[in-house]
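As structure tokens, the structure follows; a few thoughts come after it.
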Amino acid sequence: MRSESLGPRVLLRKMRELMAEQIEPQARLDEIVRQIAGTMAAEVCSLYILRADGVLELYATQGLNPKSVHLAQLQLGEGLVGTIAATARGLNLNDAQRHPAFTYLPETGEEIYNSFLGVPVLRAGRTLGVLVVQNAANRFYREEEAEALETVAMVVAEMIAAGSLEGISRPGVVLDLSRPVHLEGIGLADGIGLGHVLLHEPRVVVTNLFNENVEAEIERLSASIASLRRAIEDMLERRDMPAEGEHRQVLEAYRMFAHDRGWVRRLEEAVRNGLSAEAAVEKVQSDMRARMMHMSDPFMRERLHDFDDLANRLLRQLMGKIADPFEEDERADAIIVCRSMGAAELLDYHPERLRGLILEEGAATSHVVIVAKALGIPVVGQATGAVSLVENGDPILLDGEEGVVHIRPPVEVEKVFAERVQFRARRQERYRELRDVEARSRDGVKIDLLMNAGLLVDLPQLDQANAAGIGLFRTELQFMVASTLPRAREQERLYAAVLDAAGERPVTFRTLDVGGDKMLPYLHQSPEDNPALGYRALRLALDRPGLMRTQLRALLKAAGGRDLKIMFPMVTDVAEMARARELVRRELAHLERFGHAMPRDVKLGAMIEVPSLLFQLDELMALTDFVSIGSNDLFQFFSAADRGNASVASRYDVLSKPFLKALRTIVEAGERNGVEVTLCGEMASRPLPAMALFALGLRSVSMTSSAIGPVKAMLLELDIGQLRDALKAFMCASDETRSLRRFLEEYAAERAIPL
């Protein structure tokens, strides 16, 4: 046994014994710094804790003036201690007073000390304080001593996180870990959420910090790392793994980290210093996260996410936890916080327990947001840093209209939000008063305001909003919530229930639209570099006619004796529409041959989402009874802006001249061919874009049920003819510097049109 490694292990053993004692928090801190000083032969050991106001307060010391405890303070970034806290990097100096950041605090009596070793107290990459040792002699501290101090800092971090240090300073002092945080994101789904944090990918909580047998713990760590490496190799060697592309790049990054000798060596050193294998992973993970978070290089920051995922996988292996993000004790007022998530993942939660969704990424037209809107869940996106700032169970508020998030809000903010909830309730009451008012503009133009749906839980909203019908029923949601492929009878029951709920109101069923970011675990699909442009929707369905015919047969049987509208997604060429019509014809013939009840009328339509159809409109409309503009996908393809990419999704505006001209081209083609044109994308769900749609000539739009009230309120005050003329003049103007959105906002403001 090397003598220099004895100190850290002895120190950690003393920490373990000390943590088991039943003593007051301040006495525990005092004993911690005394033990550190004694074990490391340091004349001074001090602990500074970061407060919510950005001040580092001296909480315990051995060697400095004891009267300075809870009085000595440094601002974040001030002095050596403040520099360590601000950068999350330690300092090892043999002549501290010559360092440019050195600040002398006369109340502490530290002027006689020259050597200085300070390390950040880290948890999940966040700096919670600073731990320091000092000596009068000029010396550099050994690497083993720095490692020992970092290890003890981790134990202190767990004390802070457990809340055991609250209340031992002056009244009113709040520690940084529990401070209120205000984040500015973007509102993606309207509504206000009040509840408690539920991390979509909860952190693995390490409860056993210390090891009893170093060699046994090293062996356990090595076995878990070997298992992790094998799992990564197995994923890379799968036949359906492409030879290149984003999926492979991520796994290659995982493999690089898993085989990195420096990472493994740091893990083993932490274990040899007395930590358990899982505590060693958490310590090294926190150290690396803190350093990478302060890097400006976006590539390196992205690699941080890869490393975090890898470390979490290793932690789960060590602790025998499956990689399941869903907690059994899911709260009744849960607000999910995550980096990003798929639509199917959101559907795994109990919707009645959800009060909101906060994404570090996300865009208004990403599918998870669309599903959240269907469930009536407010969403805030691009809330940078939210995941690292919260703990499971933290109180949290979000405003899906303003894009604001309040973590651990003060009472005053809670009161303001409560008032806003009451205001929204009064506004919703006004919308309810319009429920039975006909959706007709001031100049007498009738508009069909339909709703989007996809689940049985949506159906009560059909009557609550008094929608004119269902303009888009997303049949894929039934497939996404199921663990196995829904049988024909299950599909038929769902479609019949939807038609029953609608009564005589029209329902447009969109056939299965999966692929892209809507992957079905039981439907084998190879990963794609660009899934939005890949093997999805009608492309996939036409290649799997058994899947398509089963759904068509279920729809036709469910509609026996009733009208049926079927819409095909992602049509790229009129030949695809012709093939889809032929499949319907065959299924109708099958039903007739076997004596099944036939639908009263069947109308077939195509979604216009692919720009190539703009040059085949007359040919397409010769094959369709109606068309529906899928504005979400059409706009992302039209502007080459991935709707799920937060960096570009908000960069381009649907209220732009080129896009509105494209929409007008579709409307004119419908008028020319006598084919109904509807729109069922995000554009229709907000009053301002809806104004433009009505002026362009659209007379039927589908939206989230909660949007019907605001859009109807706008419509009742709108003279569509006047706006059409004003918009036409604006579109013909040569001034490209004036914003179309601003023009519409000013137009509405001048005429008191509610938005």
Side-chain angles (χ1 to χ4, degrees), residues 2 4-16 18-19 29 32-33 35-42 44-50 56 59-60 62 80-81 83-93 96 115-135 139-161 177 206 209-211 214 217 221 262-294 307 311 315:
R2 293 167 56 192
E4 62 266 27
S5 66
L6 181 63
R9 287 217 297 277
V10 169
L11 180 57
L12 206 57
R13 188 178 69 244
K14 291 180 178 179
M15 291 301 104
R16 177 172 55 192
L18 183 58
M19 297 299 287
L29 290 184
I32 284 174
V33 294
Q35 292 283 5
I36 294 172
T39 305
M40 295 183 64
V44 171
C45 179
S46 304
L47 173 64
Y48 294 82
I49 303 296
L50 183 61
L56 288 148
Y59 261 59
Q62 172 70 25
L80 300 178
V81 170
T83 299
I84 293 169
T87 61
R89 299 184 74 103
L91 287 175
N92 188 350
L93 307 170
S115 57
F116 176 100
L117 172 63
V119 299
V121 176
L122 299 172
R123 188 171 190 272
R126 289 181 62 189
T127 301
L128 306 183
V130 176
L131 190 57
V132 173
V133 291
Q134 295 171 275
N135 284 85
R139 56 166 292 207
F140 284 111
Y141 294 89
R142 298 192 311 272
E143 184 178 339
E144 291 81 3
E145 292 173 303
E147 183 72 23
L149 203 60
E150 289 177 358
T151 302
V152 176
M154 178 183 175
V155 176
V156 174
E158 293 304 318
M159 287 180 61
I160 298 172
L177 189 67
V206 176
L209 296 176
F210 312 105
N211 76 59
V214 171
E217 210 67 7
L221 176 66
W263 180 52
V264 175
R265 186 176 62 253
R266 287 192 293 274
L267 292 173
E268 291 175 346
E269 286 176 354
V271 172
R272 294 191 188 283
N273 285 338
L275 289 178
S276 66
E278 50 264 46
V281 175
E282 186 176 75
K283 177 187 180 300
V284 173
Q285 181 186 14
S286 189
D287 291 346
M288 185 170 290
R289 184 192 285 125
R291 289 166 185 167
M292 294 181 76
M293 283 175 67
H294 289 83
F307 174 76
L315 274 174

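- Within the model, atoms CG of L122 and CD1 of I160 stand 10.0 Å from one another, a figure rounded to the nearest 0.5 Å.
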Legend entry - Test side-chain contact (heavy atoms from CB on, under 4.5 Å) applied to V44 and N135, step by step: CA-CA 6 Å; V44 171; N135 284 85; over 6 Å; no

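- When each of L50, I84, T127 is paired with L56, the side chain to side chain contact (heavy atoms under 4.5 Å, CB included) condition holds for L50 and for no other.
- A heavy-atom distance below 4.5 Å is not found between the side chains of E282 and E278.
- At least one side-chain heavy atom of L47 sits less than 4.5 Å from a side-chain heavy atom of I49.
- A distance-only check finds no donor-acceptor pair linking the side chain of S115 to the backbone of Q134 [under 3.5 Å].
- Nearest heavy-atom pair, S46 versus Y48, reported as atom, atom and distance to 0.1 Å: CB-CE1, 3.9 Å.
- Note that CD of E150 and CG of L117 are 8.5 Å apart. Values are rounded to the nearest 0.5 Å.
- Atom CG of residue L131 and atom OH of residue Y59 lie 15.0 Å apart, to the nearest 0.5 angstrom.
- Between the side chain of E217 and the main chain of N211, no donor-acceptor pair closer than 3.5 Å is present.
- With rounding to the nearest 0.5 angstrom, the CE atom of M159 is 4.5 Å from the CG atom of L29.
- With rounding to the nearest 0.5 Å, the separation of CZ in R272 from CD in E269 is 9.0 Å.
- No side-chain heavy atom of V121 sits less than 4.5 Å from a side-chain heavy atom of V130.
- In this structure, the side chains of E268 and L221 come closer than 4.5 Å at one or more pairs of heavy atoms.
- Cation-pi check for R139 over Y141 is met; the charged atom lies under 6.0 angstrom from the ring centroid and within 45 degrees of its normal.
- Atom CE of M154 and atom NZ of K283 lie 8.0 Å apart (nearest 0.5 Å).
- Of all heavy-atom pairs between V271 and A280, the closest is CG2-CB, 3.7 Å.
- Under the 4.5 Å side-chain criterion, counting only non-hydrogen atoms from C-beta, E147 is not in contact with E144.
- The minimum heavy-atom distance linking G90 with P120 is given by the pair N-CD, 3.9 Å.
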